[in-house]
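A note on names: the letters A, B, ... follow the listed sequences, proteins ahead of strands, and every chain is numbered from 1. Everything numeric in this text was worked out from a predicted model, so none of it was measured.
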Amino acid sequence: MDTQLAKSYSPTESEQKWYVNWINENYFAPRDGAGVYSILMPPPNVTGILHFGHILNNTLQDLYIRRNRMKGASSVWFPGLDHAGIATQTKVEQDLRKEGKTRHDLGREEFLKRVWEWKDKYGGVILKQLRTLGASPDWDRTLFTMDESASNAVREVFIRLFDEDLIYRGKRIVNWSPLAQSAVSDEEVIFKEMKEYMYFLRYYIEGMDSYMVVATARPETLFGDVAVAVNPKDTRYTALIGKKVRVPLSDRMVPIIADDYADPEFGTGCVKITPAHDPNDYQVGLRHNLEAINTINPDATLNELAGDFKGLDRFEARKQMVELLKERLLIENIQDYTHNVGYSERGGEPIEPYLSDQWFVKMAPLAEPALKVVQDGEIKFYPEHWTKTYEHWMTNIRDWCISRQLWWGHRIPVYYADNGEFTAAHNEEEARKKLGLNENAVLKQDEDVLDTWFSSWLWPMTTMGWLADGKEEVTEELQKYLPTNLLVTGPDIIFFWVARMIMATLKFKQQIPFKDVYFTSTVRDGKGRKMSKSLGNSPDPLDVIAKYGADAVRFTMIYLAPLGQDVRMEVNEKDQDVPAMDLGRNFANKIWNAGRFLLMKRREAVSVDGETDLYETPLSKEQMTAADKWILSRFHSTIRDVDNALENYKVTEYSKLLYDFIWKDFCDWYLEIMKAQMNESGDIAYRQQLSRFALDIYDGILKLLHPVMPFITEELWHAVEDRDVNESISVSDAPEANEENIDRKVEENFENLQLIVDEIRRLRSSANIPPSEKLPVVMLGEDIDALNVLHFQKNTISSLGRCSTLEIGGKAERPVQALSSVVRGVEIFVSLAGKIDIEKERARLLKEVSRLENLIGSTEKKLSNEGFTSKAPEQVITAEREKLASMKDSLLKTQENLASLK
RNA sequence: GGGCGAUUAGCUCAGUUGGUCUAGAGCGCCUGCCUUACAAGCAGGAUGUCGGGAGUUCAAGUCUCUCAUCGCCCACCA
């Protein structure tokens, strides 16, 4: 036991000390216990850097894993890292560019070597940063999605799905990222509203002098036009169907076709059909057996079919083509046009709809069972309303484009023979067998890699060793920890990841991956903007932790992040500060000082004769004062409420419960009362017992708080008791609510005392009396029992109310020069002989009289309403009547006091 | 276009099944205090037509409808 605590808590030192200790003692590994509990950490990108979203997310996970660890469950938090295909490849390519090289200069193998080197050197910084936050995953289980074990599972899954015809290859219009020169999934496209132009182009009709006007926002694609469509019901154009028109700036003649896709209301009712460059046009093309002419290169420049415009970037080409069209009088009109344009989530450049061969997963068969488990409540979402979003997506699901034209990722295990046949296999040998080829046949493996999420969706299984060698179906971990208990993640990846994990785990393990999903709030700045690097409104959490302490940051985040609501935190951009963190910092300091105080009192109690063994005798019920019973009752009801809040993922409530209990009940009231109780008793044994009693509650407070504030609670847990360094609060037993200690009556009695003390303080304060000046106080009333209770707590009231003398009922007389008030039938007089400001006091009492009169009026009105008295429940009416009686009594007494004021 | 969420004190937000709500907390503001753990503190105080309107009910911040404003998600017509 430390003999003394510093005046305030300094986090940095103790954070480092205890984290090292936790690691050394291996406290994050599961221990045998009652029940199991597990959480999968959403693997951060290997390129990731800690931001406030991570702070919130990981604090939540840590809170739950720590709590369950303390509840005795064998608990594992599975950590890991995502290889993040595009993000990582881009990063390494940027580095290469500084050397004036591209990935093609190095070649695939050499390039991948560079990526791995980069990964070993810079990757996974975020996992180290998580330690600063105090996160307690079982680090020994850290999995990287490109680890051999994960790759084995990915390959096996691909082959199984391929063999089941759930994976297929197809020519489709995909979202093409010209920067990455790869396909991306629908989920990786972000639509932005753009102000552009609608061009009305003239398509001259064959054999006629007239033209059709076709509206388009993308004139640069016109070399790919293969038709002009009109609606079959659109009588304006009926006569033209079947005729041909000339594509502007070219010699090509294309047919006028009838298709419902053309909307007579939109533009001119005529739409150009460019199957290779628009997903809708592609469908029209299929219906009418039209050729798809690709006029754009993978880097979004125009190809040789664009004639003079060949080699120009698509937007430059648009500009130049429009000029030429104007020159040749082929433009009827140009209008402002605001529409949504898809941008690449990663590269930020506009997505190009691009016709190419890609690999897809058939989603419908996988989605059906995945939808059911959520609808049936097997998997619960918090907040619940996300199930609607989930249902909507799952019922309108589209096939998932999983191929990426990148190098960094899991290579698609598909082998092509010379004859164009192909199959998925573990290796060439197996592929030859499957294709029925002889062993000398030359095969070529698919060049593409898989979407990053194709490994992420197996996360619940690969983290537990599933198919680590490509075969192992059942592992100890899978049997023990699947399904996991909780997934904490952002709602932004509900489709990317959450839905797909549910599908994959159901498909391959016939189990749900997790029971509860907690969708975190988005962290925003004071203006409601999402925190982002580019806006400069996202301070480095490590700096903030260094300034306030990890516990303070954790507590503040939890306190501010209600379930289902965004979190707003004022950010001071100038010094990159988050002032809200004061809340947690001040709270930590409060807890620290409460410990300091208790330690001091304990030393005082012990130092009298050094008899420590008396501690072992607990304070008996008979010895307990009303205040002791009250704090014990409050403590146990807080435990109960905390359990409840956490079970329902109301973490904000959890933090508020503890904040209020510790600050208000324990520190403001109980510790102040304890001072009085210690002072008034000369009994050494009693003082030691009382100090023991308070410390026991304090010990429970630390434990309740530990999941959210791990460091300071560990520090204090060791500071206030004689404990071995190797012991840890993180594996101590969580306090349990004992209903026997919860006593509503005791709490109500104490609330009376609080009201009376409050009133004395208020009277003193109204006359600006400093705390150092003690005044005589008299209390009168008719209710003998109530006065007796107060009499019992005379010393406490006297101490808290700073009374020089305190007379309660009996022979006490109403003092003359006094401030007065009435609380629940008890009249309180604070003597202020000679110093009373009669006019001020009169005004105060008059105000009170009118307040009471108003309330009495409205309550009487309510009670005389027959609808109320006949329909409201009995106890509500009784409560109203009691309230009325009490107010009338107060009114009477206040009026008397007013009259006798001289 | 479809869906979801929000709107409560100057700011950030609590407020579970409608009745102890005479609507709370933190920050900020005002007053008095270095009262023997804590000035990162203690005690006290002021501030709200609970977004507007209508309805259900004896009773609405809470339930229903409607309007307004803001935010998010999905889809996307050239």
Check: Within less than 4.0 Å of OP1 or OP2 of B:rG26, is there a side-chain N or O belonging to A:Lys664?
Finding: yes
Notebook entry, point to check: Between A:Leu716 (CG) and B:rC38 (P), how many Å, whole number?
Noted result: 15 Å
Note to self: Base, sugar-phosphate or nothing for A:Asp758? Non-hydrogen atoms, less than 4.0 Å.
What the structure shows: sugar-phosphate
Next item on the list: Check the distance between B:rG44's C1' and A:Arg764's CZ and give it to me in whole angstrom.
Entry: 11 Å
Check: Taking OP1 and OP2 of B:rC42, is either one under 4.0 Å from a side-chain nitrogen or oxygen of A:Lys590?
Finding: yes
Next item on the list: Over 60° means perpendicular and under 30° means parallel, so classify the ring planes of A:Phe666 and A:Tyr698, tilted if in between.
Entry: parallel
Note to self: Under 4.0 Å, heavy atoms only, any strand: does A:Lys388 hit a base, just the sugar-phosphate, or nothing?
What the structure shows: sugar-phosphate
Check: Does the side chain of A:Thr894 come under 3.5 Å of the side chain of A:Glu848 through a donor N or O and an acceptor N or O?
Finding: no
Note to self: Would you say A:Trp663 places a side-chain N or O within less than 4.0 Å of OP1 or OP2 belonging to B:rA37?
What the structure shows: no
Margin query: Over all strands shown, is A:Asn396 touching base, sugar-phosphate only, or nothing at heavy-atom distances under 4.0 angstrom?
Written below: nothing
Note to self: Rounding to an integer number of angstrom, what distance separates B:rG28 and B:rA46 when you compare their C1' atoms?
What the structure shows: 13 Å
Next item on the list: Find the distance A:Lys883:NZ to B:rU22:P and express it as a whole number of Å.
Entry: 5 Å
Note to self: For B:rA59, give the paired nucleotide (Watson-Crick: N1-N3 plus N6-O4 or O6-N4; G-U: N1-O2 and O6-N3; both under 3.5 Å), or none.
What the structure shows: none
Check: At under 4.0 Å between heavy atoms, what does A:Tyr559 touch on the DNA or RNA strands: base, sugar-phosphate, or nothing?
Finding: sugar-phosphate
Item checked: Nucleotide forming a Watson-Crick or wobble pair with B:rA68, both distances under 3.5 Å -> B:rU7
Item checked: Euclidean distance for C1', B:rC13 against B:rA54 (whole angstrom) -> 29 Å
Margin query: Can you measure A:Phe266 atom CZ to B:rC77 atom P for me and round it to whole angstrom units?
Written below: 9 Å
Note to self: Ignoring hydrogens and geometry beyond distance, is a side-chain donor-acceptor pair present between A:Asp259 and A:Asn231 at under 3.5 Å?
What the structure shows: no
Next item on the list: Whole angstrom is fine here: how far is it from CZ in A:Arg802 over to P in B:rG44?
Entry: 13 Å
Item checked: A:Glu384 CD - B:rG3 P separation (whole Å) -> 17 Å
Notebook entry, point to check: Between A:Asn589 and A:Ser8, do the side chains contain an N or O donor and an N or O acceptor separated by less than 3.5 Å?
Noted result: no
Checklist line | Distance below 4.0 Å between A:Arg218 side-chain N/O and B:rA78 OP1 or OP2 | finding: no
Check: At under 4.0 Å between heavy atoms, what does A:Ala594 touch on the DNA or RNA strands: base, sugar-phosphate, or nothing?
Finding: base
Check: Centre of A:Tyr337's six-membered ring, under 6.0 Å away, within 45 degrees of the axis: is that where NZ or CZ of A:Lys195 sits?
Finding: no
Check: Now, which nucleotide makes the Watson-Crick or G-U wobble pair with B:rG48, with each of the two distances under 3.5 Å?
Finding: none
Margin query: Any base atoms under 4.0 Å from A:Glu672, or only sugar-phosphate, or nothing? Heavy atoms, all strands.
Written below: base
Check: Quantified in whole Å, what is the P atom distance between nucleotide B:rG61 and nucleotide B:rC50?
Finding: 8 Å
Margin query: Give me the distance, rounded to whole Å, that separates B:rC65 from B:rG10 when you measure between the P atoms they each carry.
Written below: 30 Å
Notebook entry, point to check: How close do A:Glu672 and A:Asp668 get, heavy atom to heavy atom, and via which atoms?
Noted result: CG-O, 3.1 Å
Next item on the list: Would you tell me if any nitrogen or oxygen in the side chain of A:Lys675 comes within less than 4.0 Å of OP1 or OP2 on B:rU35?
Entry: no
Next item on the list: Could you tell me whether A:Gly269 contacts a base, only the sugar-phosphate backbone, or nothing, with contacts defined as non-hydrogen atoms closer than 4.0 Å?
Entry: base
Next item on the list: Determine the Euclidean distance between corresponding P atoms of B:rG5 and B:rG15; express it in Å to zero decimal places.
Entry: 15 Å
Next item on the list: Determine the contact category for A:Leu855: base if any of its heavy atoms lies under 4.0 Å from a base atom, sugar-phosphate if only primed atoms, P, OP1 or OP2 are that close, otherwise nothing.
Entry: base
Next item on the list: Using the C1' atom as the reference point in each nucleotide, state the distance between B:rG26 and B:rU8 in Å, no decimals.
Entry: 15 Å
Notebook entry, point to check: With rounding to whole Å, what would you report as the distance between B:rC74 and B:rC29 at their C1' atoms?
Noted result: 45 Å
Item checked: Touch class at under 4.0 angstrom, heavy-atom based, for A:Pro579 against every strand present -> nothing
Note to self: Looking at B:rA14, which nucleotide sits across from it as a Watson-Crick or G-U wobble partner, both distances under 3.5 angstrom, or is there none?
What the structure shows: none
Next item on the list: Quick one: look up who B:rG41 pairs with, Watson-Crick or G-U, both distances under 3.5 Å, and put none if it's unpaired.
Entry: B:rC33
Margin query: Any base atoms under 4.0 Å from A:Arg585, or only sugar-phosphate, or nothing? Heavy atoms, all strands.
Written below: base
Note to self: Over all strands shown, is A:Asn768 touching base, sugar-phosphate only, or nothing at heavy-atom distances under 4.0 angstrom?
What the structure shows: sugar-phosphate
Note to self: Can you check the distance between B:rG2 and B:rA60, where both ends of the measurement are the P atom (answer in whole Å)?
What the structure shows: 34 Å
Next item on the list: Remember a base hit wins even if backbone is also touched, and classify A:Lys272 as base, sugar-phosphate or nothing at under 4.0 Å, heavy atoms.
Entry: nothing
Margin query: I need the CD1-C1' distance between A:Ile494 and B:rG5, as an integer number of Å.
Written below: 14 Å
Check: According to a strict under-4.0 Å criterion, is A:Asn589 in side-chain N/O contact with OP1 or OP2 of B:rG41?
Finding: no
Margin query: Nearest whole Å is fine: how far is B:rC73 P from A:Trp497 CH2?
Written below: 19 Å
Notebook entry, point to check: Do the side-chain N and O atoms of A:Ser185 and A:Glu188 include a donor-acceptor pair separated by under 3.5 angstrom?
Noted result: yes
Margin query: Check the phosphate of B:rA78 against A:His339, side-chain N and O only, distance under 4.0 Å to OP1 or OP2. Yes or no?
Written below: yes
Check: Base, sugar-phosphate, or nothing for A:Ala262, non-hydrogen atoms under 4.0 angstrom?
Finding: base
Notebook entry, point to check: Judged by modelled atom types alone, do A:Thr859 and A:Lys861 share a side-chain donor-acceptor pair under 3.5 Å?
Noted result: no
